[in-house]
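Remarks on the structure that follows.
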Amino acid sequence: MSKSKVWKFGDNIDTDVIIAARYLNTSDPSVLAKHIMEDARPDFLQHFQVGDVIVAGENFGCGSSREHAPIALKAAGVQCVIAKGFARIFYRNAFNTGFPILELQECNEINEGDLLQVDIEEGSIYNGTQDKTYHFTPIPPFMRDLLMSGGLMEYAKKKLQEGAV
């Protein structure tokens with residue numbers, strides 16, 4: 001399992017910070033991916049590497065109900081977002097698009113630049129920089145199925161092929 005660098009953000013990171021409204025004239029994931037977090041940190045993508053992790057505080061993803069925000073994060077290669085809490089509509093949109101988000105109350109203990117190993121199936125996050133393991137709020141089975149399928153549409157296609165719907 002690879003180690004992922006942490007990018008730290010605070011509370012109430014809204015969807016306009018994740019992907020600015022001026023880019024919402026497209027739904028092309030590859031275009032959206034080129035602009036994540038740029039209003040919060042204009043040089044973010046110059047330093048970000050595919051597989052890195054975003055760690056935030058409360059209410060991550062508040063604001064717009066559009067799916068552009070989790071789509072952009074996923075397309076940019078963000079492994080996951082770990083936060084104390086998520087706005088409900090962002091939470092649902094993330095799972096519907098197959099983008100992993102993890103709720104962890106101890107987010108304030110994780111520092112920018114720390115190296116994490118995230119194991120979604122085990123429900124654990126190992127901070128190699130601090131030699132500490134955290135256990136995040138378990139993902140409900142149906143939501144885990146959505147993630148493993150790549151999102152709601154892929155999940156539905158799979159179920160149709162299995163004749164389960």
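Numbers here simply count residues along the sequence, with the first being 1.
- Applying the ring pair (Phe, Tyr, Trp, His ring centres under 6.0 Å) criterion to Y91, with sequence neighbours excluded, gives F95.
- Under the rule for a side-chain contact (heavy atoms from CB on, under 4.5 Å), the partners of N59 that lie at least two apart in sequence or sit in another chain are N12, C62, A87.
- With sequence neighbours excluded, the residues satisfying side-chain contact (heavy atoms from CB on, under 4.5 Å) with E122 are D119, S124.
- Here the two rings, on F142 and Y155, have centers that are under 6.0 Å apart.
- D28 and T26 form no side-chain donor-acceptor contact under 3.5 Å, judged by distance and modelled atom types alone.
- Within the 4.5 Å cutoff, the side chain of F9 has heavy atoms near those of the M37 side chain.
- Y23 forms part of a hydrophobic cluster together with I19, L24, L32, I71, judged by ILVMFWY side-chain heavy-atom separations under 4.5 Å.
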Could you go through residues 100-110 and list every donor-acceptor pair under 3.5 Å that involves a side-chain atom there, pairing it with any protein atom two or more places apart or in another chain?
unit_1: Q105; atom_1: NE2; unit_2: K84; atom_2: O; d: 3.0
unit_1: E109; atom_1: OE1; unit_2: K132; atom_2: NZ; d: 2.7
unit_1: E109; atom_1: OE1; unit_2: Y134; atom_2: OH; d: 3.1

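- Here salt bridge (charged side-chain N to carboxylate O under 4.0 Å, His left out) pairs that include residues 36-53, with residues two or more places apart or in two chains, are R22-E38, R22-D39, R41-E112.
- The side-chain heavy atoms of V6 and N111, taken from C-beta on, include no pair separated by under 4.5 Å.
- T97 and E67 share no side-chain donor-acceptor pair at under 3.5 Å.
- Contact check for L73 versus I54: side-chain heavy atoms found under the 4.5 Å cut-off.
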